[in-house]
Amino acid sequence: MTAPVIEDLLRELTPQVLGALIRRHGQFEGCEDAVQEAVLAAALQWPAEGVPDNPRGWLVAVASRRLIDQMRSDHARRERESATANEVVPEDVPDTDDTLVLLFLCCHPTLTAASQTALTLRAVGGLTTAEIARAFLVPEATMAARISRAKQRIKAAGSSFGLPDGADREERLRVVLHVLYLIFNEGYTASSGSELHRADLAHEAIRLARMVHAQLPEDGEVTGLLALMLLTDARREARTTAAGDLVPLDEQDRARWDRGLIEEGIELVKASLAGPALGPYQLQAAIAATHAAAATAAATDWLQVHALYLILERIAPNPMVTLNRAIALAETEGPPAGLALLSTLDGDERMAGHHRLLSVRAHLLEKTGDTAGAYEHYRRAAKSTASIAERRYLEARASRVRT
Amino acid sequence: MKFLISMHINPAVIDALTDQEKAAIGDGHGKFIEALKKSGELITTQALVDPSQAAVVSVRNGQPVVTDGPFLESKEYLGGFYLIDCENKERAIELASQIPDTAIEGLGVEVRQVMFADGQLEA
């Protein structure tokens, strides 16, 4: 087996091994360190000596041994030592995949979204603290403190290792999906820093979403989220110029969209829409699929996009959804109708001075021929964004309407 | 999200504080830094020397011209900053309000989101 194949295998096995260990020993922190060490040992040994027949069992055995060694050397835990030191590492490892349980644990509701994200990448994604720190452009010490604090919080919350039941499970799954979506967006949104690491985050989010989907194929929202990620990621290449400038959807070279990802995404959307309930991810995926299905920007089925936003607005009201619906409405009924819908957002505190509201209004004003108004709004939008790529784009639009 | 919390000091206001008050500010910053480290929200913090120690540099006809003293004729100067990484702007403001300077008339802190970053984070 080549090194990259082994790396993939380890990525997949890490959360399973960690899950198995936590199930047996109960302590997140110690288990996590032990698993990281076992994975490191495997990464060094397997390429030279070959992958063992039961790689998962090998990792569980090595990690368990490391954990027990660690407990033994820990003087403060002398009491516990006598109980665990005699414990024999079992030959056969139970064949349950605890990855999903582990993911649920990492997305514990007492944690902030930033901590859930970091812990998920570390424990389920198998990324090192240094890799996660690099991806989020913070010092390793900062990320290490955040991860360690998150583990302590989970411990303090007295969380048991297992899937929650019924409504709790449903709610926790929403948190899990939200965290995966945050990871994806962190990777997808063009911002400062090294693009490469950010792209890795998007791929990691997709990998984890695929994993959840494999375990819960019947859940429409899980399917919807995976589809949404694939359909969004399919446009990556066309989204920016070689110089890093943003290219809006209607100006993108659709030949550069990844057809394979689009086809897979559309299939998933179809499958998820056949289910009994509709959720926000499914609807957003359906909107992305409608855009993806159009051969040219002009061929976009805006009536369908608008209808989907209307449903989304009804089940998950949010000013950003209304904003997006205004764009679709402007396409079907003309810019004045879009502008009228935008004005309903003016009283919304969440949107006050938001660059998206300013820039959409600028676009629509430009279309109605109000270049002075468009210029003013493009300028204000440029000042309001924290993204350099976006600011450059908005400033370019502003100077275009001025001349 | 990354934010820079910049602290604007007025040397006259600082000078007018009692030793006890100055020590309390120092303690407050110490505790604040510890809490930020624990929560994993601190990226870095730096404090600057008194503005009277500043050198103003300009280059005219290829020749550097250096003069003493702060560039601006102002009462308030940048005294230092915290660079933090936290959940959102609300949290950044909440953190900023824990900085002892905010409780003193004449000293102020400002919160702004970071737009671009480069360089060694561990430096």
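Chain identifiers are assigned alphabetically (A, B, ...) following the order of the sequence lines, protein sequences preceding nucleic acid strands; residue numbering begins at 1 within each chain.
Using a 4.5 Å heavy-atom cut-off against chain A, the contacting residues of residues 11-42 of chain B are B:Lys37, B:Lys38, B:Ser39, B:Gly40, B:Glu41, B:Leu42.
Within a 6.0 Å sphere centred on CD of A:Glu171, other residues, nucleotides and ligands contribute 12 heavy atoms or fewer. The 12-atom threshold is not exceeded at CG of B:Asp68, counting heavy atoms of other residues, nucleotides or ligands nearer than 6.0 Å.
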Check your understanding: Does the side-chain contact (heavy atoms from CB on, under 4.5 Å) test come out yes or no for B:Arg91 and A:Thr112, once each step is laid out?
Key -> CA-CA 11 Å; B:Arg91 173 65 178 161; A:Thr112 62; over 6 Å; no

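With hydrogens and angles disregarded, no donor-acceptor distance shorter than 3.5 Å links the side chain of B:Gln113 to the backbone of A:Ala386.
Residues B:Met115 and A:Ile388 approach most closely at CG-CG1, 3.7 Å, considering heavy atoms.
With rounding to the nearest 0.5 Å, the separation of CZ in A:Phe136 from NZ in B:Lys2 is 9.0 Å. Note: A:Thr142 OG1 to B:Ile84 CD1 = 11.0 Å, rounded to the nearest 0.5 Å.
Side-chain atoms of B:Ile43 and A:Pro139, non-hydrogen and from C-beta on, do get closer than 4.5 Å to each other.
Among residues at least two apart or in separate chains, salt bridge (Lys or Arg N to Asp or Glu O under 4.0 Å) pairs with a member in residues 98-116 of chain B are B:Glu110-B:Arg112.
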